[in-house]
Amino acid sequence: MKRFRRYYYDLFSRIYDRIIALHSKDKSESLRRFLIKKSAFRPGQRLLDVCTGTGAVAIEAARYVRGDGLVVGVDFSEGMLRHARKKAEGQDVPFFLLADVCALPFRKESFHVVTCSHAMYELSVETRRAGLSEFRRVLMHGGRFIMMEHTPPSSSFIRFLYMVRLMTMGSSGNREFALDERPEISRFFNDVSLEFAPTGRSKVVYGTKRSQ
Ligand SMILES: C[S@@+](CC[C@H](N)C(=O)[O-])C[C@H]1O[C@@H](n2cnc3c(N)ncnc32)[C@H](O)[C@@H]1O
């Protein structure tokens with residue numbers, strides 16, 4: 001099943017950026033800035049962008065890096081990463097690595113921030129939970145995990161397609177998660193909050209790693 005998903009994303013990577021540009025009508029850049037702002041990422045810190053796709057969030061975050069700071073983007077699709085590396089050609093950061101969210105190749109407490117944009121709904125429930133546990137492990141104490149997703153569309157046809165996407169890419173447990181992510185995120189992180197982007201069509205959910 002995972003092999004099929006990876007193959008799907010490898011194919012999708014060829015048109016991904018064009019689809020996003022069409023879909024978001026150029027608001028995606030301001031959304032990425034909103035995500036980075038809410039992540040509380042500071043120059044000199046280390047940020048990990050999981051399910052980085054073609055690297056849009058990692059490349060935006062890299063603009064804030066100073067000194068020892070670092071941005072790493074990981075994805076399990078070599079196709080997506082090929083596009084990400086091409087977009088970041090000539091830049092010192094970000095680095096892009098092939099990795100599954102279920103087994104991140106980093107030591108515990110390596111990052112100040114973990115971001116995940118428009119991917120949590122596409123993971124199976126098991127992968128999402130294994131991933132959340134990994135995000136917690138690689139975050140430093142006091143570090144922030146932040147995810148961004150679309151809010152359910154208002155048009156009934158688009159809402160139908162949105163629900164089909166949730167059901168086919170994940171499972172029925174994803175519908176519940178999409179309606180309110182906070183209960184599940186609270187199992188891994190503290191002080192969990194939800195905020196809407198200025199466009200009103202996207203939201204971020206974030207929490208902090210505290211010792212329990
Ligand atoms: C919809 S794209 C989002 C890409 C990017 N974050 C963005 O906002 O444009 C979802 C990404 O999640 C990646 N992905 C899905 N399952 C994964 C897994 N188990 N481990 C790592 N990456 C995964 C896919 O390869 C794909 O690039």
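Start at 1 and go down the list; that is how both ligands and their atoms are numbered.
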Q: Measure Glu122 to ligand 1 on non-hydrogen atoms and call it side chain, backbone, both or neither using the 4.0 Å cut-off.
A: side chain
Q. Does a side-chain N-to-carboxylate-O contact under 4.0 Å join Lys86 and Glu89?
A. no
Q) Rounded to the nearest 0.5 Å, how far does CZ of Arg6 lie from OG of Ser77? A) 8.5 Å
Q) When the ring planes of Tyr121 and Phe177 are compared, do they come out parallel, tilted or perpendicular, using 30° and 60° as the limits? A) perpendicular
(Q) Only heavy atoms of Leu123, strictly under 4.0 Å: list the atoms of ligand 1 that pass. (A) 15 (C), 16 (N), 17 (C)
Q.
Please determine whether any non-hydrogen atom of Ser13 lies less than 4.0 Å from an atom of ligand 1.
A. no
Q. Nearest to atom 20 (N) of ligand 1, what protein heavy atom do you find, and at what distance?
A. Val101 N, 3.0 Å
(Q) I need the contact type for Ala99 against ligand 1. Using non-hydrogen atoms and a strict under-4.0 Å cut-off, is it side chain, backbone, both or neither? (A) backbone
Q: For Thr127, counting its heavy atoms only, list the atoms of ligand 1 lying under 4.0 Å from any of them.
A: 19 (N)
Q) atom 19 (N) of ligand 1: which protein heavy atom is closest, and how many Å away? A) Asp100 OD1, 3.2 Å
Q: Check whether any heavy atom of Val57 sits under 4.0 Å from an atom of ligand 1.
A: no
(Q) Is there a side-chain contact between Ile59 and Phe96 in this structure, where contact means two heavy atoms from C-beta onward sitting under 4.5 Å apart? (A) yes
Q | Which of the ligand 1 atoms, numbered from 1, are nearer than 4.0 Å to a heavy atom of Met80 | A | 27 (O)
Q) In terms of atom number and element, which parts of ligand 1 are under 4.0 angstrom from non-hydrogen atoms of Gly53? A) 4 (C), 27 (O)
Q.
I need the atoms of ligand 1 closer than 4.0 Å to a non-hydrogen atom of Ser77, numbered in the order shown.
A. 25 (O)
(Q) Among all the protein's non-hydrogen atoms, which is closest to atom 12 (O) of ligand 1, and how far away is it? (A) Cys51 CB, 3.2 Å
Q. Between Thr52 and Leu81, is any pair of side-chain heavy atoms under 4.5 Å apart?
A. yes
Q) Which protein non-hydrogen atom lies closest to atom 14 (N) of ligand 1, naming both residue and atom, and how far is it? A) Phe76 CE2, 3.5 Å
Q.
Within this structure, what is the CZ-CZ distance for the pair Arg144 and Phe189, rounded to the nearest 0.5 Å?
A. 11.5 Å
Q) Could you give the distance from CG (Asp17) to CE (Met80), rounded to the nearest 0.5 Å? A) 8.5 Å
Q.
Rounded at 0.5 Å granularity, tell me how far CD1 in Ile146 sits from OG1 in Thr208.
A. 10.0 Å
Q: Could you check atom 2 (S) of ligand 1 against the protein and tell me its nearest heavy-atom contact, residue, atom and distance included?
A: Tyr16 OH, 3.6 Å
Q. For the atom pair CZ (Phe12) and OH (Tyr7), what is the distance rounded to the nearest 0.5 Å?
A. 15.0 Å
Q: For atom 8 (O) of ligand 1, find the nearest protein heavy atom and state the residue, atom name and distance (0.1 Å precision).
A: Ser117 OG, 2.5 Å
Q: Look at atom 25 (O) of ligand 1 and say which protein heavy atom is nearest, naming residue and atom and giving the distance to 0.1 Å.
A: Asp75 OD1, 2.6 Å
Q: Determine whether the aromatic ring centres of Phe106 and Phe111 lie less than 6.0 Å apart.
A: yes
Q. Does ligand 1 have an atom that lies less than 4.0 angstrom from a heavy atom of Arg5?
A. no
(Q) With a heavy-atom distance limit of 4.0 Å, tell me whether Tyr9 approaches ligand 1 through its side chain, its backbone, both, or neither. (A) side chain
**Q.** Rounded distance (nearest 0.5 Å) linking atom CG of Leu47 with atom CD of Glu60
**A.** 11.0 Å
Q) Under a 4.0 Å N-O cut-off, is there an ion pair linking Arg85 with Glu78? A) yes
**Q.** Closest approach of any protein heavy atom to atom 1 (C) of ligand 1, naming residue and atom
**A.** His118 O, 3.1 Å
